[in-house]
Amino acid sequence: MQIKAIKGFKDILPEEAKRRRKIEDKARKIFENTGLKEIRTPVLEKTEVFARGIGEHTDIVEKEMYTFIDRNGESLTLRPEATAGILRAVIEHKLYNTSPLLKLYTIGPMFRHERPQKGRLRQFHQINVEYVGSYSPLADADIIFLAYEIVTSFADPEGHLLEINSLGCPKCRPLHRKDLLKFLENNKKELCKDCQRRAKTNPLRVFDCKNEECKIVLKFAPVMKHYICPDCASHLGKVLDTLEAYGIPFVQNPYLVRGLDYYNRTTFELVSKGLGAQSTVAAGGRYDGLVKLLGGPELPGVGMAIGVERLLLLMEEEGDERREGLFIAAFGDEAREEALYWIGYLRKKGIKCEFSLEDKSLKAQMKQADKSKARYCLIVGENEIENEEAILRDLETKEQEKIDLDELPEGILEKIKE
RNA sequence: GUGGGCGUAGCUCAGUUGGUUAGAGCGUCGGGUUGUGGCCCCGGAGGCCGAGGGUUCAAGUCCCUCCGCUCACCCCA
């Protein structure tokens, strides 16, 4: 039996690695422009970090985490999301004392033990942003801007919908929750089994139910919109105004909920038509109570995450890469030995330079040169050694010229630098 | 955790009602050009037909079990 990677864990082969790097480079560029700083936290944390941060009764914590007991008896967990760990680090190093507003990003793997499907893996990657320290709705809008900007620079904006909602705050949310619970209890018999379960675990989730009968019943259910306090309402209003100023189209979705307990007020999802059932390519929201919950001071926060694998699914194919650098086709002992010096020299000068490890025929080496996508091929065999002239061929234009051997390798630098 | 679909070459897939040495395209390597890549032509390598068991004179093909992949539910990035 062949050894294979474990379920939901994927090898990232060279072609895909290249496309990922393109996404990461772009994200970093945008982050630098917006003044964010990178932070990298461990993939492994004490289980407590996530249990407290995400919420004991969320699906993620209850059944999706990679949790194990370490050799010293301590419970550890592979991070299922980035926020809790980053905030742990912010608190541990008192980063909030270094600046009134922390703007942080991280890119890396997350782990959830779910059944894999399109756009869902057990090890997946997120581009993550956290703003810690601002109550301003402009912070919310900034976060959404970043998510939107990165996603739409790789995927067609037309195929996307930004959904936004407010979950309220500790003042107004409990009122809604109380009424909703009452409503669900009264209509228990009309609801499907899933919704009866949700009513106990995560009541807001019932609004996501696809069951037609549930939908009819829930039309009469209390909606957060009608409970939202003036402060939360004005906060949301300013976020929406700012989105308009940024030119980001959106729709309000009063039923939008998040699966993590820590969110309050603004919550959003960037949904794509180009994905399967797992259609959310980026999502996030505000979490004003979380820093304190994790043992830090009372600090507000907003954040978002982009699913890299999902963005990858939406990324259009790129065209042919352009030719670059040099391939040295050397054959015969003398030429091959000489070529080694040139290669060393050119590589140190920062020139992309390849050659054949085997003493193959000229034709075979030319083929290799072509495949390597080199722009130029330097041809050196017995004849060239004898005439003391090498041949430099432009693989794109097919033009060839001769170069005196004693001008090599310096002479090449001029010729191949465009 | 629960369902559906699918497992034949590195990749994408053919493979008659079970019948002899399992095929194609792409890719790869080599040759056609005694020293010049892509296009074209020719050739080579590469398969325990997912694994195990069963039926049969005979199984890639039929039956059972297991494993894997995949899509969906659930949930989420």
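Chain A is the first sequence line, chain B the second, and so forth, proteins listed ahead of strands; every chain is numbered from 1.
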N or O in side chain of A:K63 less than 4.0 angstrom from B:G1 OP1/OP2 =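 Negative; the distance criterion is not met.
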
Reckon A:Q117 has a side-chain N or O less than 4.0 Å from the OP1 or OP2 of B:U70?
->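 No.
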
Could you work out the separation of [N] and [M] based on their [atom1] atoms and round it to a whole Å?
| N | M | atom1 | result |
| --- | --- | --- | --- |
| B:A14 | B:A9 | P | 12 Å |
| B:U61 | B:U56 | P | 16 Å |
| B:G54 | B:A59 | P | 12 Å |
| B:G25 | B:U21 | C1' | 22 Å |

Bracket notation of RNA chain B in which parentheses pair within the strand, [ ] cross earlier pairs, and | pairs with another strand (Watson-Crick or G-U, under 3.5 Å) | (((((((..((((.....[...)))).(((((.......))))).....(((((..]....))))))))))))....

Across the strands shown, which category fits [X] at heavy-atom distances under 4.0 angstrom: base, sugar-phosphate, nothing?
| X | answer |
| --- | --- |
| A:G276 | sugar-phosphate |
| A:L378 | nothing |
| A:A283 | sugar-phosphate |

Base B:C75 paired with A:R120 side chain (donor-acceptor, <3.5 Å) =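 Counting by modelled atom types and ignoring angles, a donor-acceptor contact under 3.5 Å is found here.
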
Decide yes or no on side-chain contact (heavy atoms from CB on, under 4.5 Å) for A:Y227 and A:D179, but give the supporting numbers first.
-> CA-CA 10 Å; A:Y227 290 79; A:D179 281 4; 2.6 Å; yes

Does the A:S361 side chain pair with the main chain of A:A364, one donor and one acceptor, at a distance under 3.5 Å?
->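 At least one qualifying donor-acceptor pair exists.
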
Going 5' to 3' along nucleotides 25-41 of chain B, which nucleotides have protein heavy atoms under 4.0 Å from the base (write B), which only from the sugar-phosphate (write S), and which from neither (write -)?
-> ---SSS-B--BBBB---

Step by step, work out the side-chain contact (heavy atoms from CB on, under 4.5 Å) result for A:F355 and A:Q368.
-> CA-CA 8 Å; A:F355 77 115; A:Q368 194 181 336; over 6 Å; no

Nearest to the side chain of A:R115, which nucleotide is it out of B:A77, B:C73, B:U2?
->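 Closest nucleotide among those given: B:U2.
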
Let me see the working for A:E269 and A:T280 under side chain to side chain donor-acceptor pair (under 3.5 Å), right down to the final yes or no.
-> CA-CA 6 Å; A:E269 277 188 32; A:T280 301; 2.6 Å; yes

